[in-house]
Trainee: 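Before I ask anything, here is the structure I am working with.
Letters A, B, ... are given to chains in the order of the sequence lines, protein chains preceding strands, and every chain is numbered from 1. Here the structure is a predicted model, which means the values were calculated and not measured.
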There are 2 protein chains.
Amino acid sequence: MAIGLPACSAHDLGGLPDLVELAIVLTGAVARVAEEHELTPMQGRLLCGLAGQPRRMIDLAQSLGIEKAALTGLVDRAERRGLVERAIVPGDRRAVQVTLTDDGGQAMLAFETGVASALDELLAPLPAKDRSAFRRMASAIVRAARAA
Amino acid sequence: MAIGLPACSAHDLGGLPDLVELAIVLTGAVARVAEEHELTPMQGRLLCGLAGQPRRMIDLAQSLGIEKAALTGLVDRAERRGLVERAIVPGDRRAVQVTLTDDGGQAMLAFETGVASALDELLAPLPAKDRSAFRRMASAIVRAARAA
DNA sequence: TATTGTTATACTCTATAACTATA
DNA sequence: TATAGTTATAGAGTATAACAATA
């Protein structure tokens, strides 16, 4: 499966702010972990969104920030690989629930664990005090961006 | 032009570390700026890589972290849109140099400026002292990742 | 032989528009 | 009418493998 994400990248291209390169480095790390588990990064995100409970298509599309038609394809491919299943929603015959299969649940856990340790490695060069400060500031940025 | 990147995203999906969501937020911000200037994010990166001097295909592919065959397509599309041009390399008839057109140069500057201000906005919620600390730590992480 | 780049092929991810089925 | 989801279509970005031209 050719997953198709820049594996390492972030070699200096000049002109791009370090924050953009940070995004590239982080995204590349996630992509590498996904690939190790034979997932695409987007499939990894999908599986993580299904941890704990089934979700409806419309809900997932919003969470992932993609159109419902794009989600149809994403779920199609994940279903074809045995990671998720579609199920009916009792009480609304228009709706579809997406659930994790056993395989999908295992892949989700492996992906989550792998991502966590890959991120730890990326932050490892920083002093311990900076690491926690960096994570705290990252959370603040994300929260503010979500609110806006 | 349907550019195809999650425009806002980063709504809570649960299970994903904030650092991953940070990458999503940053990537989304870059994508939005690119779209404003009718570029794809990858075209934006390509143009930035060409700021100042022409580069050879092999060199660009390494900088962007993609295979040379993928770069052929990327440059094809950018050339079709009048952003870049292919030129010969004196002294090596196998090689190709990619140069910015006037349009491409203008787009590159507009993209750079837009990205810089989008990043400023993302960091705006942090106290000024944290903003510079965050940028400094981001640079350190990127430098370390590049070295590894 | 090694290097540079292109072509061929196949996937994933994305969007918009049109459609079906249900509420 | 409005909502949930799919289908159809198109395009970007990616990879691998095979190839041509040149060093």
Trainee: When the distance from CD of A:E79 to C1' of C:dT12 is rounded to whole Å, what number comes out?
Mentor: 17 Å

Trainee: Give a yes/no on whether any side-chain N or O of A:R56 is located under 4.0 angstrom from OP1 or OP2 of D:dT3.
Mentor: no

Trainee: Send over the distance from A:I24 CD1 to D:dG13 P, rounded to a whole Å.
Mentor: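 The answer, rounded to whole Å, is 13 Å.
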
Trainee: Quick one: A:L46 CG to C:dC13 C1', roughly how many Å, whole number?
Mentor: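 From A:L46 CG to C:dC13 C1': 13 Å.
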
Trainee: Exactly one of A:L119, A:T27, A:V142 should register a side-chain contact (heavy atoms from CB on, under 4.5 Å) with B:V20. Which one does?
Mentor: A:L119

Trainee: Closest approach of B:V89 and B:V96, non-hydrogen atoms and distance?
Mentor: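 Looking at all heavy atoms of both residues, the closest pair is CG2-C, 3.8 Å.
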
Trainee: Could you tell me the separation between the CD1 atom of B:I88 and the P atom of C:dT4, rounded to a whole number of Å?
Mentor: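 It is 17 Å, rounded to the nearest whole Å.
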
Trainee: State whether B:E21 and A:R146 are salt-bridged, where the test is any N-O pair (Lys NZ or Arg NE/NH1/NH2 against Asp/Glu carboxylate O) under 4.0 Å.
Mentor: yes

Trainee: Assign B:L74 to base, sugar-phosphate, or nothing according to its heavy-atom contacts below 4.0 angstrom with the strands shown.
Mentor: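 Sugar-phosphate, backbone atoms only, no base.
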
Trainee: Just the rounded figure in Å: distance from P of C:dA15 to CD of B:E38.
Mentor: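 Atom CD in B:E38 sits about 18 Å away from atom P in C:dA15.
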
Trainee: Within the pair A:T72 and D:dT7, is there a side-chain N or O less than 4.0 Å away from OP1 or OP2?
Mentor: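 No, A:T72 has no side-chain N/O under 4.0 Å of OP1/OP2 on D:dT7.
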
Trainee: Given D:dA12, C:dT4, D:dA8, which nucleotide is nearest the side-chain atoms of B:K68?
Mentor: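 From the listed options, C:dT4 comes nearest.
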
Trainee: Please determine if a side-chain N or O atom of B:R93 lies less than 4.0 Å away from the OP1 or OP2 oxygen of D:dA23.
Mentor: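 Answer yes for this pair, as a side-chain N or O of B:R93 is under 4.0 Å from OP1 or OP2.
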
Trainee: Hey, which sits more toward the 5' end of DNA chain C by its nearest nucleotide, A:R80 or B:M57?
Mentor: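 Nearer the 5' end of the strand: B:M57.
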
Trainee: Is the closest basic N to carboxylate O distance between A:D18 and B:R136 below 4.0 Å?
Mentor: no

Trainee: Determine whether a donor-acceptor pair (one donor, one acceptor, N or O, separation below 3.5 Å) exists between the side chain of B:R94 and the base of C:dT3.
Mentor: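 Side chain to base: pair found, below 3.5 Å.
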
Trainee: Using atom CD of A:E67 as one end and atom C1' of D:dT9 as the other, report the distance to the nearest whole Å.
Mentor: 15 Å

Trainee: Taking atom P of C:dT22 as reference, at what distance in whole Å does atom CD1 of A:I58 sit?
Mentor: 17 Å

Trainee: Please pick, from C:dA15, D:dT22, C:dT7, the nucleotide with the shortest atom-to-atom distance to any side-chain atom of A:I66.
Mentor: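 Looking only at heavy atoms from C-beta outward on A:I66, the closest nucleotide is C:dA15.
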
Trainee: To the closest 0.5 Å, what do you measure between CG (A:L83) and CZ (A:R77)?
Mentor: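 Nearest 0.5 Å value for the CG-CZ distance: 12.0 Å.
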
Trainee: Looking only at side-chain N and O atoms, does B:R77 come under 4.0 Å of OP1 or OP2 in D:dG13?
Mentor: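 Checking B:R77 against D:dG13: at least one side-chain N or O falls below 4.0 Å of OP1 or OP2.
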
Trainee: What is the separation between atom CE on A:M42 and atom P on D:dT14, rounded to the nearest whole Å?
Mentor: 17 Å

